[in-house]
Amino acid sequence: MIVTGTAPRRWRRIAGGHVTPRIKTTKAFYRTGATTFFASQHDQRFSYSLHVPSVHETTTTPLPLLVIQHGTGRTAAEYRDAMAEFSERHGCVILTPLFPAAIGDPDDLHNFKFIEYDGIRYDRELLAIVDEVGTRFTVDTDRFMLQGFSGGGQFAHRFLYLHPERLRAVSIGAPGRVTLIDPDREWWLGTAGFEERFGTPVRLEEIRKVAVHMVVGAEDTETWEINNPGDSNWMDGADALGRTRVERITALRDNYVALGIDVTLDIVPGVGHRGMGVLDAVCDFAARVLPRTPPPVS
C-alpha cells in the first residue's frame, strides 16, 4: 500500500500493508510535518511555523535548519508547504517566521525589511525565534541557512551584515532595494554609520565565510513597486544601481565580488517576480551547502 498526500507525517506502514497512527497526541501532531503557527515567546506580536521532517522522530543528531523569510505578502505558510518535499528528502527543518504588517503603524508594509523600526530589531526577533526552535526541536541553530525573496531578500542581505557568524549560507532573492557594503553611502543605500546604528561593524572576514547565493527571474523587470518616490520604503538614489530587480541584484553581486565575497548568481529564464518560480534554484543551492541527514528508518 502506498501512502500519499499529507499522510506520511501521521501514519507508518507495517507488515501486511496496513497502516497505524504514528502521532498519538494532539501536541505531537502539530509539531510534526507542517506545524501550526506558534507565537514567539520573546515577543508575541511575532510568530513562526515549521516543516519538521519525519526523521526528527528517530534521530538524536541535530538537523540542519533553513529559515525562509517572507516578503511583503507574508506568505510564510506557502513557503513552508512548498519546501515540504525538500525538508523530507534532505532531513532539514524549515522555519518560516511571520512578521505581520502594521506593527506600530497601521499603514506599514515594509519596516522589517530595514532591520530596525521604532525600537524593534527584527534581526534580534528572528534570532530569538531560531533559538526558541532550538530548545523545542532537535535542530542545529548555531549556524543556519537564511533565504528570502523580494522583501525577504532585502531582510536577508542586511541580516548577513549583522550576523554572519550565525549563517552557514544565505540566499538573496530579487530584492527591490539593495544595500551595498559601501561606507560612503548612507544607510540603507550603503553602510555609512552602520556601527553607530547597530552597535557592530560590518565584518568582511566573517561575511566571506558564508556561502552566498543570489537569484532573480530573468523577466523580473516591472518597476512600479520599486521606483516609488515619496513612499516609506524609498530613498533618493535607490534607483542609482538600476531600475529593475535584475539590474540591482547584479550590482549587489558586483559589490560583493569586488570585496572578495564569493557569490553564485542564478538568473532564472522565463520567470518574473515570483518567489515560487525561483525556488528550484534555491533548493539546488541549499542541497549543496546544507549537511544531508540520513532518511528515517522505515
Side-chain angles (χ1 to χ4, degrees), residues 8-9 28 30-35 37-38 40 48-70 76-98 123 125-149 152-153 155-157 159-160 162-173 206-215 262-264 266 275-276 278-298:
R9 70 186 178 98
Y30 287 104
R31 286 167 51 95
T32 307
T35 76
F37 274 83
F38 300 102
S40 168
Y48 63 92
S49 68
L50 307 104
H51 186 95
V52 181
S54 54
V55 69
H56 183 268
E57 298 176 45
T58 58
T59 187
T60 58
T61 301
L63 302 181
L65 178 65
L66 171 52
V67 178
I68 301 182
Q69 182 59 56
H70 62 69
E78 287 87 339
Y79 280 112
R80 176 202 63 200
D81 295 343
M83 292 297 292
E85 181 180 353
F86 181 92
S87 172
E88 295 293 344
R89 182 181 301 167
H90 293 270
C92 173
V93 172
I94 306 298
L95 166 61
T96 55
L98 177 59
D123 60 321
E125 296 303 332
L126 175 59
L127 287 176
I129 288 171
V130 167
D131 291 343
E132 179 179 324
V133 168
T135 67
R136 302 182 68 194
F137 298 88
T138 307
V139 59
D140 179 6
T141 58
D142 289 340
R143 293 182 68 214
F144 56 91
M145 176 175 163
L146 174 62
Q147 188 268 341
F149 181 84
F155 177 88
H157 78 288
F159 184 95
L160 168 67
L162 284 161
H163 304 285
E165 77 288 348
R166 294 297 301 271
L167 294 178
R168 182 187 301 275
V170 62
S171 177
I172 303 161
E206 291 296 320
I207 292 172
R208 291 180 184 123
K209 297 175 185 177
V210 179
V212 178
H213 178 239
M214 297 182 185
V215 64
D262 189 29
V263 178
T264 299
D266 286 325
M276 298 300 169
V278 302
L279 209 53
D280 283 349
V282 173
C283 289
D284 288 345
F285 173 74
R288 295 196 300 270
V289 298
L290 291 175
R292 187 161 183 147
T293 303
V297 177
S298 58

Shortest non-hydrogen contact between P291 and P64, atoms and distance:
O-CG, 3.4 Å
For the residue pair M145 and S171, establish whether any side-chain heavy-atom pair is separated by less than 4.5 Å.
yes
Contacts of E78 meeting salt bridge (charged side-chain N to carboxylate O under 4.0 Å, His left out) (sequence neighbours excluded), chain-then-number -> none
Should R89 and R292 be marked as a side-chain contact (heavy atoms from CB on, under 4.5 Å) after you check the CA-CA gap, both sets of side-chain angles, and the distance that decides it?
CA-CA 9 Å; R89 182 181 301 167; R292 187 161 183 147; 3.5 Å; yes
Please report the interatomic distance OH(Y79) to CG(L279), rounded to the nearest 0.5 Å.
7.0 Å
If I compare all heavy atoms of G275 with all of F149, which pair ends up nearest, and what's the gap?
N-CE2, 3.3 Å
I need the L63 CG to L290 CG distance, nearest 0.5 Å.
11.0 Å
Working to the nearest 0.5 angstrom, can you tell me the gap between F137 CZ and T35 OG1?
6.0 Å
Determine yes or no for a side-chain-to-main-chain donor-acceptor pair under 3.5 angstrom, with S40 supplying the side chain and I129 the backbone.
no
Point-to-point distance, once rounded to the nearest 0.5 Å, from CD1 of I207 to CG of L160
5.0 Å
Main chain of C92, side chain of S87: is a donor-acceptor contact present, judged purely on distance under 3.5 Å?
yes
Is the shortest side-chain heavy-atom distance between M83 and C283 below 4.5 Å?
yes
Just wondering, do R166 and L127 contact through their side chains at under 4.5 Å, heavy atoms?
yes
Does any non-hydrogen side-chain atom of E132 lie less than 4.5 Å from one of Y48?
yes
Are more than 12 heavy atoms from other residues, nucleotides or ligands located less than 6.0 Å from atom CD of E165?
yes
For the residue pair H70 and T96, establish whether any side-chain heavy-atom pair is separated by less than 4.5 Å.
no
Starting from the C-alpha separation in whole Å, work towards a yes-or-no answer on side-chain contact (heavy atoms from CB on, under 4.5 Å) for H213 and D266.
CA-CA 8 Å; H213 178 239; D266 286 325; 2.8 Å; yes
Residues two or more places apart in sequence or in another chain: which of them pass side chain to side chain donor-acceptor pair (under 3.5 Å) with H56?
none
Taking every heavy atom of F285 against every heavy atom of V170, the minimum-distance pair comes out as CE2-O, 3.9 Å
Shortest non-hydrogen contact from A34 toward D81
CB-OD1, 3.9 Å
Can you name the side-chain contact (heavy atoms from CB on, under 4.5 Å) partners of D140, sequence neighbours left out?
P62, D142, R168
Mind checking whether E57 and T32 have side chains closer than 4.5 Å, heavy atoms only?
yes
Are E88 and H51 close enough that some pair of their side-chain heavy atoms sits under 4.5 Å apart?
yes
Can a donor-acceptor pair be found, under 3.5 Å and without considering hydrogens, that links the side chain of T138 to the backbone of T60?
no
Would you sort out whether F155 and L126 count as a side-chain contact (heavy atoms from CB on, under 4.5 Å), showing the intermediate values?
CA-CA 11 Å; F155 177 88; L126 175 59; 3.6 Å; yes
Between the CZ atom in R80 and the CZ atom in F37, the distance rounded to the nearest 0.5 Å is 5.5 Å
Take F38 and L50 through the test side-chain contact (heavy atoms from CB on, under 4.5 Å) and record every step on the way to the result.
CA-CA 9 Å; F38 300 102; L50 307 104; 4.1 Å; yes
V130 versus L95: any side-chain heavy-atom pair under 4.5 Å?
yes
From CD1 (I172) to CE (M214), nearest 0.5 Å
4.5 Å
